Amino acid sequence: MTNREIARTLDHIADILQFQEENPFKIKAYRQAANSIYHLDEDIAYLYEKGRLDEIPGVGKSIKSKIEELIEKGSLECYERLLTEVPPGLLDMLAIPGVGHKTIRVLYEQLGVTNRDELLQAAQEKRIRLLPGMGSKTEFSIIKGIEMLEQYSQKNTLGFVLPMGQKMLAFLKDMENVKAASLAGSIRRGRPLVTDLDIVVAADDEAAVRCRLSHYRGIKQITGSEAGHIHGFLQFNIPFEVIILKPGEYCLGLFLSTGSKQHLARLFPVGTPAGLESCRSEPDIYANLGLDFIPPELREDQGELEAAAAGELPVLIERGDLQGDLHCHSGWSDGASQLAELGEAARDMGYSYLAITDHSGSLAISGGLNQERLAAQGREIDQLNQQWEDFMFLKGTEVDIFRDGSLDYDAETLEKLDVVVASIHTCFQLDREKQTQRLIQAIKDDNVDIIGHLTGRLLNRRPPYELDMEEVLATAAKSKIILEINSHPDRLDIDAQLARQARDMGIKIAINSDAHLKNDLRLIHYGIINARRGWLGKEDVINTGSREAVIAYLKNNE
DNA sequence: GCCGTTTTCGGCCCGACTGTTTTCAGTCG
């Protein structure tokens, strides 16, 4: 049992208890434990072996015994029992925006709805509006929500699948017989949402690889096994496919398995030409075709072939180009790590600066800082900054943009800060005109440096809010505002396409982690992938600059 | 169900928004 599986099980228990209207604090306890386990540094099975389970915050006597049962037996009796007490489609329905536990309970009790399909049918038949407290708008938003989920139903975020892929890849590479191995397909191209996990392996002895794979604990089921090819499902029903090739076939095989289909179709309209089998690297293959090497992230038929032919591909940004991070949260608001820990983690990543941008006061649940606490935080930062020579915190905020476009701090407060990220966290439903004007007012504000997660989308969960993007980008370019690529794998906001469009208009980009705990600083990896997919080079990204350059840029822009 | 410099019981992030009401319940962040 992995950390994620155990966290998910505890979360499901919380969902069922909530549906059953159990004690809210008991429910909260399960969620808290699930959250801690999800974010653990160490493998929970290791903590179990060492007898250290009670070191996990939020894990007490009762939950500890449940974790032990899960690790020892692979299942949990009380969870199995709870599952029989509720409609089987319950957890699926919770994913619909605006539909919570209470709504599901009413739908179940009054209409007998037990899953998403039945709910959609009830909405289409206008039966939901007959229920107390629900009307035509609720009905409409349920239909919309289900349609959105259907769209994504077969996809998982890169942030969820990539770590599983890397683990499986490492397991295969660890084998002496394996000469080379790589992720392939959409996961190698770094798409934000992926349907399956593809791995290409080079080995002389195929049978040995098959044998090794059959011992991989991450595999839930093998559904097919033909020559050179194994497929099935990993944990959480993620489909996987492993292609086993002779070392001489590996390079071309990897290239073809990486795609995209559109990229390959443009390259080879009448089939793969002879002669490529002898290539020993992907750059060789492209050279053979008269093209510069095209990195996997660009292989989407978005003009990369023309650029490669003309020698005009950009030099893409790399993780090592970043010198700092301009958006993260500490224990002062809703972050889980203290300032000192964040500083050490950022230094370990080779950064020379990290902007602390906790929430502003109006975001009460996130422990938003009022002006007094912001000032107190500033004093702690001053103190900590004295201990490092090669690193410093920048003082910042993620200030809330109110419904009317005004900001949660006054100008005087904002002027004193090094970095002002302004973001929308409320009123996602405003109409296009109002939402656009709201954002534009913030963009035009002299004290705002960066707009955080511009579109507000959450992959698989929430569509972006309505915006006139042309107007927003035009204003951003004119105001010299920086747009953020928020690296959280559930956001990746702005997306690659928008990032490329912004870059073409001369808008600078900041690649930020929006970390809420020290380990999440490493989520920056996903932002880098996203930026590469948006054709961004080092020069397009503000936080590739030195500390002095970034501070100077932000000051001059005011 | 967890936790403790308010410690073995009694408390446990809270306010805004939405859709439905006509004063509020549910959801969300």
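Predicted model only: the values in this text are computed from it and were never measured. Chain letters run A, B, ... following the sequence lines, proteins first and then strands; every chain starts at 1.
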Using the C1' atom in both, what is the distance from B:dT20 to B:dT27, to the nearest Å? 13 Å
Looking at B:dG1, B:dT18, B:dT27, which one has an atom nearest to any side-chain atom of A:Arg403? B:dT18
Mind calculating the distance between CG (A:Leu107) and P (B:dT27) to the nearest angstrom? 10 Å
Rounding to an integer number of angstrom, what distance separates B:dG15 and B:dT8 when you compare their P atoms? 29 Å
In this structure, how many angstroms lie between the C1' atom of B:dT8 and the NZ atom of A:Lys61, rounded? 13 Å
Salt-bridge test for A:Arg8 and A:Glu5: reply yes if a basic N is under 4.0 Å from a carboxylate O, no otherwise. no
How many Å lie between CG on A:Leu130 and C1' on B:dT21, as a whole number? 17 Å
Looking only at atom C1', what distance separates B:dC14 and B:dC9, rounded to whole Å? 24 Å
What's the closest nucleotide to the side chain of A:Phe25 if the choices are B:dC2, B:dC28, B:dC12? B:dC12
Euclidean distance for C1', B:dC12 against B:dT6 (whole angstrom): 14 Å
Nearest to the A:His425 side chain among B:dG1, B:dG26, B:dG29, which nucleotide is it? B:dG29
Nearest-nucleotide pick for A:Thr138, side chain only, options being B:dT20, B:dC28, B:dG1: B:dT20
Please report, rounded to the nearest Å, how far the P atom of B:dC14 is from the NE2 atom of A:His359. 16 Å
Which whole-number value in Å describes the distance from A:Phe428 CZ to B:dT18 P? 10 Å
By nearest atom, which of the nucleotides B:dC28, B:dC2, B:dG26 is closest to the A:Lys102 side chain? B:dG26
Taking 4.0 angstrom as the limit, do A:Lys395 and A:Asp358 come out as a salt bridge? no
Would you indicate, yes or no, if B:dG29 has its OP1 or OP2 atom less than 4.0 angstrom from a side-chain nitrogen or oxygen of A:Arg462? yes
Among the nucleotides B:dG29, B:dC17, B:dG1, whichever has the atom closest to the side chain of A:Cys427 is B:dC17
Provide the distance between the two P atoms, one in B:dT22 and one in B:dC17, to the nearest whole Å. 22 Å
In terms of the nearest nucleotide of DNA chain B, which residue is placed more toward the 5' end: A:Gly135 or A:Ile27? A:Ile27
Tell me which of A:Ile56 and A:Glu139 sits closer to the 5' end of DNA chain B, going by the nucleotide each one is nearest to. A:Ile56
Do A:Arg438 and A:Phe402 form a cation-pi contact, if we require the NZ or CZ to be under 6.0 Å from the six-membered ring centre and within 45 degrees of the ring's axis? no
Nearest whole Å is fine: how far is B:dG29 P from A:Tyr465 OH? 12 Å
NA contact type, A:Gln429, heavy-atom cut-off 4.0 Å: base, sugar-phosphate, or nothing? sugar-phosphate
Tell me which nucleotide among B:dT20, B:dG26, B:dT18 gets nearest to the side chain of A:Thr103. B:dG26
So, A:Lys64 and A:Asp54, do they make that salt bridge, N to O below 4.0 Å? yes
Is A:Pro132 touching bases, backbone alone, or none of the nucleic acid, heavy atoms closer than 4.0 Å? nothing
Touch check for A:Asp334, heavy atoms < 4.0 angstrom, all strands: base, sugar-phosphate only, or nothing? nothing
Rounded to the nearest Å, what distance is computed from the CG atom of residue A:Asp358 to the P atom of nucleotide B:dG29? 19 Å
Around A:Gln497, counting heavy atoms of other residues, nucleotides and ligands shown, do more than 12 lie under 6.0 Å from its CD? no
Should B:dT8 form a Watson-Crick or G-U wobble pair with both distances under 3.5 Å, which nucleotide is its partner? none
Using atom P in both nucleotides, what's the gap between B:dG26 and B:dT21 to the nearest angstrom? 14 Å
Using a 4.0 Å heavy-atom cut-off across all strands, classify A:Ser423 as base, sugar-phosphate, or nothing. nothing
Within the supplied structure, the quantity of interest is the number of heavy atoms (other residues, nucleotides, ligands) at a distance under 6.0 Å from A:Glu85 CD; does it exceed 12? yes
Charged N-O contact under 4.0 Å between A:Glu147 and A:Lys144: yes
Whole angstrom is fine here: how far is it from CG in A:Asp54 over to P in B:dG1? 17 Å
What distance, rounded to whole Å, do you find between the two C1' atoms, one in B:dT18 and one in B:dT23? 15 Å
